[in-house]
> 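Here it is, the structure in full.
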Amino acid sequence: MRWTLKPKPSSEKVNTLATQLKVHELIATLLVQRGIETFEQARQFFRPSLDDLHNPYLMKDMDKAVARIQSAIINGENILVFGDYDVDGTTAVSLVSSYLKSYYPNVATYIPDRYDEGYGISFKGIDFADDNGFTLIIALDCGIKSIDHIAYANERNIDFIICDHHRPGNELPNAVAILDPKREDCSYPYDELCGCGIGFKLIQALGENRNQTIEDLLIYLDLVATAIAADIVPMTGENRILAKFGLEVINTNPRPGIKALVQNVKKKVLTITDVVFIIAPRINAAGRIKHGNEAVALLTEYDFDQAEKFASEIEQHNTDRKDLDKQITIEALDQIEINEETDKFTTVVYNENWHKGVIGIVASRLIETYYRPTIVFTKSGDKLAASARSVKEFDIYNALEASSDHLEQFGGHMYAAGMTLKEENYQKFKNAFEKVVSETIHPDLLTPEILIDAEINLTDINEKLVRLLNQFEPFGPQNMTPTFMSKNLKDTGYAKQLGKDEEHLKLYLKQDNSEGLASLDSAAPRVGAIGFGLGNKLQLVKNQKPFDAVYCIDENEFNGNVTLQLRLKDLR
């Protein structure tokens, strides 16, 4: 692990903000590191307000999209809401379709089959629309590069509205409207929305024309918060507002489908982390194991008993998914060893029998062992299909573009991508990808990095600090849980390993700030700490040997008692 202490921001900015907000210098430092430098920015950060959402009509083509949907409704046309099979796609389809159906009946949904059709808009989906009399397709979380597909639809007199958040290519499809803040010619103030977020901006615009206020649309924000959490978009600006209010809906008045998914969770209040690890994988499992339609059925079901049935089927898919990804990860790690590829700059593995639905998860798992850009291939029809995952700060999309001579198609973004190629080109691509990465990646990026916000003493940790840190939620990219470092720590003699394989570490810490590490003052505060996956560090802390630690500050709830504890990330 590389420990990187973030540079200290300008003391002038920190002191000014601390004075204005009447907070400790540490809190002001954390805010300035996040780009929050004025009282007004701090107000928006600590008190996210629906009033701060941007006017949806600032998005290029929003007026065209709304006009086309309204004319479809006036003329009684059939509207097909189309979206990808992942969390962002299925939540977006559920959101837009259920909103339209609330006042117009001729609306259906379409999720492509992961195995038969693959990612994004499919010719099969357009044929389905043509055969069933749909004249308008609203595509969510996909379509920005579907030039041939849109041309094919136009020949059949089917109009497209594209709502996407991926990077456009050099040419845009010939659609009626393209809502994508990443378009060069779009001046929308915030360009980090997920696909479901753009779907929400669309219903916000439609709602304005129906004299609805943002309060009327709150019920849809549980879906938006789920997509924001799952799609790992920056937790800034509009995303932060939508996630905060969406979490409130999840915790107070969730739709029956989400309520059914979380009813067995013991926690009273779910955080964004719970959404990432509890709700999102289950919604994803439908498309990975069976079909994304099952996720849409769950998320648009209004009868709770029926939602419970859907949720239990999805729970089973999630169990199957876990078994599969565990097994394939073992096989992939064996393949790396057998091929003597442990010392390369990339991981590229292939087995024709691997389940296409979990290869993305497997790619992430492999990075836990070999920290480097990773691609996992399997057979898909007469081609090979793959999921790619990157390491922090390395743009895998650019690396694929540089090796794209051997690919049939590819798409994605900096940290995750998908692609297909002909089997005979697999080895050529593998060699080219390794060459590109080896020539462009900085060696430091091949070691995982822990970014540390500030060095503090244990005496700085108190309930007031924790209360303020809790107000930094919801956490996510560009607003991660604050991470601290403390030096000269000692275990007070209680260190032990936990877990069935003794993989975790539990200890109680004290800190000695005097020179020469004299014996610890018995009156110094003692803080509990837990290190998940750090059981192998027990020898490092035994016998009161001094060490440094990187950690987040947590609240541990046990038998109704809440105590402060450190969640250790690394020790040395």
> So Tyr115 and His355, would you call those rings parallel, tilted or perpendicular, with 30° and 60° as cut-offs?
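Perpendicular, since the angle between the ring planes exceeds 60°.
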> Supply the atom-to-atom distance Leu247 CG to Leu242 CG, rounded to the nearest 0.5 angstrom.
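Leu247 atom CG to Leu242 atom CG measures 11.5 Å (nearest 0.5 Å).
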> Please report the interatomic distance CZ(Phe45) to OG1(Thr236), rounded to the nearest 0.5 Å.
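If I round to the nearest 0.5 Å, the distance is 10.5 Å.
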> Is Lys145 close to Gln409 at the side-chain level, that is, under 4.5 Å between some pair of heavy atoms?
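Result no, sub-4.5 Å side-chain heavy-atom pair not found.
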> Looking at every heavy atom in both Gly125 and Leu80, which two are closest together, and how far apart are they?
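Taking Gly125 first and Leu80 second, the nearest heavy atoms are O-CD2, 4.4 Å.
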> What's the verdict on salt bridge (charged side-chain N to carboxylate O under 4.0 Å, His left out) for Asp185 and Arg183, showing C-alpha distance, side-chain angles and the deciding distance?
CA-CA 5 Å; Asp185 57 352; Arg183 282 176 67 164; 2.9 Å; yes
> Which atoms form the tightest heavy-atom contact between Leu469 and Phe475, and what is the distance?
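That would be O-CZ, 3.7 Å.
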> Could you tell me whether the side chain of Arg255 and the main chain of Ile219 form a donor-acceptor pair under 3.5 Å?
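Flag set: sc Arg255 to bb Ile219 pair under 3.5 Å.
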> How close do Asp180 and His166 get, counting heavy atoms only, and between which atoms?
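Reported closest heavy-atom pair: OD2-O, 2.7 Å.
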> Side chains of Asn264 and Glu315: does their closest heavy-atom pair fall under 4.5 Å?
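In short, these two side chains do not touch, never coming nearer than 4.5 Å.
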> Tyr415 side chain to Glu393 main-chain N or O, any donor-acceptor pair under 3.5 Å?
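Side chain of Tyr415 to backbone of Glu393, a donor-acceptor pair under 3.5 Å: yes, one is there.
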> What's the shortest heavy-atom distance between Phe82 and Ser122, and which atoms?
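So the minimum-distance heavy-atom pair works out to CZ-N, 3.7 Å.
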> Between Pro474 and Thr271, is any pair of side-chain heavy atoms under 4.5 Å apart?
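Pro474 does not reach Thr271 side chain to side chain.
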> For residues Phe377 and Leu421, determine if any side-chain heavy atom of one lies less than 4.5 Å from a side-chain heavy atom of the other.
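Touching, per the 4.5 Å side-chain cut-off.
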> Is the shortest heavy-atom distance from the side chain of Lys201 to the side chain of Glu238 under 4.5 Å?
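Yes, side chains in contact.
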> Is there a donor-acceptor contact under 3.5 Å from the side chain of Asn239 to the main chain of Glu192?
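A pair under 3.5 Å: yes.
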> Might you confirm whether atom NZ of Lys326 has over 12 heavy atoms from other residues, nucleotides or ligands at distances under 6.0 Å?
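No, NZ of Lys326 has 12 or fewer neighbouring heavy atoms, counting only those of other groups under 6.0 Å.
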> Distance from Glu313 atom CD to Lys290 atom NZ, nearest 0.5 Å?
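If we round to the nearest 0.5 Å, Glu313:CD and Lys290:NZ are 7.5 Å apart.
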> Yes or no on side-chain contact (heavy atoms from CB on, under 4.5 Å) for Val224 and Leu221, after CA distance, side-chain angles and deciding distance?
CA-CA 5 Å; Val224 185; Leu221 288 184; 3.9 Å; yes
> Any carboxylate oxygen within less than 4.0 angstrom of a Lys/Arg side-chain nitrogen, looking at Glu248 and Lys244?
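Lys244 and Glu248: salt-bridged.
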> Are the side chains of Thr420 and Ser380 in contact, using a 4.5 Å heavy-atom criterion?
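The answer is no, as the side chains (C-beta and beyond) never meet within the 4.5 Å cut-off.
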> Indicate yes or no for a side-chain donor-acceptor contact from Asp453 to the backbone of Thr483 under 3.5 Å, with no hydrogens or angles considered.
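Side chain of Asp453 to backbone of Thr483, a donor-acceptor pair under 3.5 Å: yes, one is there.
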> Evaluate whether atom NZ of Lys64 has more than 12 neighbouring non-hydrogen atoms of other residues, nucleotides or ligands under 6.0 angstrom away.
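No, not enclosed.
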> Counting only heavy atoms not in Lys356, do more than 12 sit closer than 6.0 Å to its NZ atom?
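Counting neighbours around NZ of Lys356, more than 12 heavy atoms of other residues, nucleotides or ligands fall under 6.0 Å, so yes.
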> Can you measure from CD1 (Ile150) to CD1 (Ile162) and round to the nearest 0.5 angstrom?
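Between atom CD1 of Ile150 and atom CD1 of Ile162 there are 4.0 Å.
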> Any side-chain donor paired with an acceptor under 3.5 Å for Glu294 and His317?
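Indeed, the side chains of Glu294 and His317 share at least one donor-acceptor pair under 3.5 Å.
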> Do any N or O atoms from the side chain of Glu117 and from the backbone of Asp113 form a donor-acceptor pair under 3.5 angstrom?
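Yes; at least one donor-acceptor contact below 3.5 Å.
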> Measuring only between side-chain heavy atoms, which start at C-beta, is Lys60 closer than 4.5 Å to Tyr188?
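Lys60 does not reach Tyr188 side chain to side chain.
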> Do side-chain atoms of Asn209 reach the backbone of Leu206 as a donor and acceptor pair under 3.5 angstrom?
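No; judged by distance alone, with no hydrogens or angles, the pair does not exist.
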> Can a donor-acceptor pair be found, under 3.5 Å and without considering hydrogens, that links the side chain of Ser404 to the backbone of Leu407?
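Here the side-chain-to-backbone pair does not exist.
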> I'd like to know whether Ile198 forms a side-chain contact (heavy atoms from CB on, under 4.5 Å) with Asp164, so could you lay out the CA-CA distance, the side-chain angles of the two residues, the decisive distance to 0.1 Å, and finally the verdict.
CA-CA 7 Å; Ile198 291 170; Asp164 205 348; 6.0 Å; no
> Atom CD in Glu308, atom CG in Leu298: separation rounded to 0.5 Å?
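Reported to 0.5 Å precision, the distance equals 11.0 Å.
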> Working to the nearest 0.5 Å, report the span between CZ of Arg240 and CD of Gln478.
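So the CZ of Arg240 and the CD of Gln478 are separated by 12.5 Å.
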> Testing Ser98, Ser97, Cys163 one by one against Val81 for a side-chain contact (heavy atoms from CB on, under 4.5 Å), which residue passes?
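Among Ser98, Ser97, Cys163, the one meeting side-chain contact (heavy atoms from CB on, under 4.5 Å) with Val81 is Ser97.
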> Is it true that a side-chain atom of Asp88 and a backbone atom of Cys196 form a donor plus acceptor pair closer than 3.5 Å?
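Flag set: sc Asp88 to bb Cys196 pair under 3.5 Å.
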> For Thr374 and Arg389, what are the C-alpha separation, side-chain angles and deciding distance, and is it a side-chain hydrogen bond (donor to acceptor under 3.5 Å, both in side chains)?
CA-CA 5 Å; Thr374 297; Arg389 295 292 182 270; over 6 Å; no
> Are there more than 12 heavy atoms of other residues, nucleotides or ligands under 6.0 Å from atom CD of Glu184?
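No, because the 6.0 Å sphere around CD of Glu184 holds 12 heavy atoms or fewer from other groups.
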> With heavy-atom distances below 4.5 Å as the criterion, would you say the side chains of Arg43 and Asp52 are in contact?
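Of all side-chain heavy-atom pairs linking Asp52 with Arg43, at least one is under 4.5 Å.
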> For Lys182, look at atom NZ and say whether over 12 heavy atoms of other residues, nucleotides or ligands are found less than 6.0 Å away.
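Result for NZ/Lys182: enclosed.
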> Evaluate side-chain contact (heavy atoms from CB on, under 4.5 Å) for Ile121 paired with Ile126, printing each intermediate quantity in order.
CA-CA 8 Å; Ile121 295 167; Ile126 296 167; 4.0 Å; yes
> One pair to check against side-chain contact (heavy atoms from CB on, under 4.5 Å): Val358 and Val376. What are the steps and the verdict?
CA-CA 10 Å; Val358 300; Val376 180; over 6 Å; no
> Between Asp231 (side chain) and Ala227 (backbone), is there a donor-acceptor pair under 3.5 Å?
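Not at all, since once roles are kept as given, no pair shorter than 3.5 Å links the two residues.
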> So which atom in Asn132 and which in Phe128 form the shortest heavy-atom distance, rounded to 0.1 Å?
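So the two residues come closest at ND2-O, 2.8 Å.
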> Minimum heavy-atom separation for Arg34 and Asn479, please, with both atom names.
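Closest heavy-atom pair between Arg34 and Asn479: NE-OD1, 2.9 Å.
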> Scan Leu140, Asp141, Leu223, Val296 and name whichever one has a side-chain contact (heavy atoms from CB on, under 4.5 Å) with Thr91.
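Of the listed options, the one satisfying the test is Leu223.
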> Should we say atom CD1 of Ile232 is surrounded by more than 12 heavy atoms from elsewhere, each under 6.0 Å from it?
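Check fails, neighbour count at 12 or below.
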> Without swapping roles, check the side chain of Tyr57 against the backbone of Ala205 for a donor-acceptor pair under 3.5 Å.
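Flag set: sc Tyr57 to bb Ala205 pair under 3.5 Å.
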